[in-house]
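Right, one structure below, let's go through it.
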Amino acid sequence: MAEQIEITLPDGSSKQVPAGITVADFVKTNIGAGLARAALFARLDGDELDLSRPLNRSGKLTVFTNKSREGLDLIRHDAAHVMASVVQRLFPGTQVTIGPSTEDGFYYDFYRKEPFTPEDLQKIEAAANEEIRKDLPFVRKEVSRDEALQLFEKLGEKFKIEIVEDIFAKGAKTLTLYSHGDWVDFCLGPHAPSTGRIGVIKLLNVAGAYWRGDHTKPQLQRIYGTAFFEKKDLDAWLKQQEEAKKRDHRKLGKELDLFAFHPAAPGAAFWTHRGTLLFHALGNAMRGLCLRNGYQEVKTPLMYNKMLWERSGHWGKYRENMFLILDNETKEHDFSLKPMNCPSHHLLYQMKRHSYRELPIRYHTQDVLHRNEATGVLSGLTRVRQFQQDDAHIYLMESQITDEVKRLSELLKKVYEAFGLSYTARFATRPVQRIGSDETWDRAESGLRAALEKTGLAYELKPGDGAFYGPKIDFDVSDSIGRKWQLGTIQLDYEVPERFELGYIGEDNKEHRPVLIHRAIYGSFERFIAILIEHYAGNFPVWLAPFQARIVTVADRHQPWAREVYEKLQSRGLRVELDESSEKLGAKIRDAQLMKVPYTLVVGDKEVEGKGVSPRVHGEGKQADLGYLPLDPFIERIEREAAIPF
RNA sequence: GCCGACAUAGCUCAGUCGGUAGAGCAACGGUUUCGUAAACCGUAGGUCCCCGGUUCAAGUCCGGGUGUCGGCUCCA
């Protein structure tokens, strides 16, 4: 008689069953045949199990079906196996590596000399879906190190052998293999009972990826794909991707005439008038916020002798990213454009003696920075070589850190919430390439972390991701297609004040070393604007919109009053434009709508007579037309909406 | 930087087998003066990204470069 175990279900009930019963049998006999048919895998406490696995101990059991996110992730991993199997069948000699599921689907990395073409992808996709129709069972098997190595050596899978050796070197006793049909891979599992459960596979694109993410290792070909339980879910997802593309800041930037790029200046944006208005609306808002929160705004040179970079440590750790300038006289690269503002702020700080009574001293700067980014990483406004940060450096006493980090978190929250952006925080610790002793890093990391925990903000840990001079808290916001971008950052730095021998006179009349905080909220204007364009789909709120209103005349005789309205609004500091062309009203409305101007002010006989306007808000439908309004109430309304929300 | 794809009028895009480049919108001129998402007629607009090669002939094929895009590495 087998030993009895107790399995607890999510509803709190529990069942006594003999040990060794398979998950599938347990579900069928103790929960129901319906769930047994729908089940994909189960979790016993923390352990994920195939349906064919035995239950050997008591615990809490959760069964996952196609209704859950976990189920979807599972079939995507299944899909990666299926794809890899047909790739090896269709393209003999291709070596396999790894293939996990991702947020949106899955990928699998292959090693093969010849590139996969889009036609190859079509063939692979068709064959993969054929494997689904065959409904091949996934079969699990445990093997020893020797068996595993023998198998992959026979198959000639060099990359697999490398991973197998690693796994056993880390102390594993056995390796699990999963096969479907005659194809086998090792994998932690679990997998669905059979390929038929996958639904539908769609391959998306192929891209290069380095073996183990290391650019010194061989380059692999990564095929991206996705999978869904139902074709209609795939179609819905594809449609959603199309919609997201319409919000792409590069597309909207062109359509809304905000910015452009030219091959003569790769990675540096040309800002049109409209784009510049938006840029300055953001800059002025931040400027005001800083001034009201104890910051001094400063400006420092853009170009420096390398003596500064040697002192700051940039010359040693950051030179590859700097634009060096060849001196005609010395024929040396003695100067560089600044890639960061910090060193120049320290020079400014040093120009005067400072008292403990002044601290914290907060310098805010929106200067232009240049970083020589690798060509392959440039992308629209999100990754550029020339950009402006809403940068600040805060000099303070160690005892003020917690308070200041808390103030900063609140400032950040206030700003992001004003835009309706949701964000996540990451705490990043010492990187391999760094300056400063381990002791100072210990102090900086624990200090910043303690301050972060006092704010009550949820955060994720990113070991090794800190700046070369100190640990940091990064704030990420997602773009329209779900990619995360780092915007704000708070970085704690004990090292640089040392290097620059910064000081302040304490209460004891002796010289002390301040601590430094680097921080940005927008991050860079360029990246922030990219995110905002996608976030609002170009429909900016009145306070941000490049032009807040456009006046359109019904006929030429309405031009004098239209011009009067134009001048009146301009004199109130509103950003307004005038369309007095001889187009029909419908065409002018359309033009204004396409440019997503928040208010279109129609001026015709009625408006001339009453000395007013007929505003139409951006958007479709009958409610867009607000009807006739005297000028003053309209000005009151638009000025209210033009107010900076932070 | 690495892998792959792409580059035609201001914009969006056609261009077959290698045979001397086309549409819509925008622009410009004229007509129209109109009430909430595109008036009509006409005109002009091109180093087919750049350099080289193959060919009687290259937007088209080949090589190199530049830029852009999708990823990787890196990053605000």
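A note on names: the letters A, B, ... follow the listed sequences, proteins ahead of strands, and every chain is numbered from 1.
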For [N] and [X] - does any side-chain N or O of the residue sit under 4.0 Å from the phosphate oxygens OP1/OP2?
X	N	value
A:Lys472	B:rA76	yes
A:Arg383	B:rC69	no
A:Ser614	B:rG35	no
A:Thr375	B:rG1	yes

Task: N-O pairing of A:Glu404 and A:Arg362 below 4.0 Å - done: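 The answer is yes: the pair qualifies as a salt bridge.
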Task: Sidechain N-carboxylate O distance under 4.0 Å for A:Arg407, A:Glu410 - done: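 Looking at A:Arg407 and A:Glu410, the cut-off is not met.
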Spacing of [X] atom [atom1] relative to [N] atom [atom2], expressed in whole Å:
X	N	atom1	atom2	result
A:Arg590	B:rA38	CZ	P	7 Å
A:Glu320	B:rU73	CD	P	18 Å
A:Asn372	B:rU73	CG	P	20 Å

Sugar-phosphate, base or nothing in reach of [X], heavy atoms under 4.0 Å:
X	value
A:Ala587	sugar-phosphate
A:Asp556	base
A:Gly213	sugar-phosphate

Task: Pair A:Phe110 and A:Phe91, ring centroids less than 6.0 Å apart - done: no
Open item on the list: If you take the centroid of each ring, where Trp contributes its six-membered ring, are A:His618 and A:Phe540 closer together than 6.0 Å?
Closed with: no
[N] base / [X] side chain donor-acceptor hit below 3.5 Å:
X	N	answer
A:Tyr210	B:rG1	yes
A:Arg385	B:rC75	no
A:Glu114	B:rG4	no

Task: Consecutive-pair stems (3 or more, Watson-Crick or G-U, under 3.5 Å) for RNA chain B - done: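 Stems for RNA chain B, defined as runs of 3 or more consecutive pairs: B:1-7 with B:66-72, B:10-13 with B:22-25, B:27-31 with B:39-43, B:49-53 with B:61-65.
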- [ ] Kindly assign one of parallel, tilted or perpendicular to the pair A:Phe159 and A:Tyr111, based on the angle between their ring planes and the thresholds 30° and 60°.
- [x] tilted
- [ ] Give the nucleotide from the list B:rU32, B:rA76, B:rG70 with an atom nearest to the side chain of A:Arg250.
- [x] B:rG70
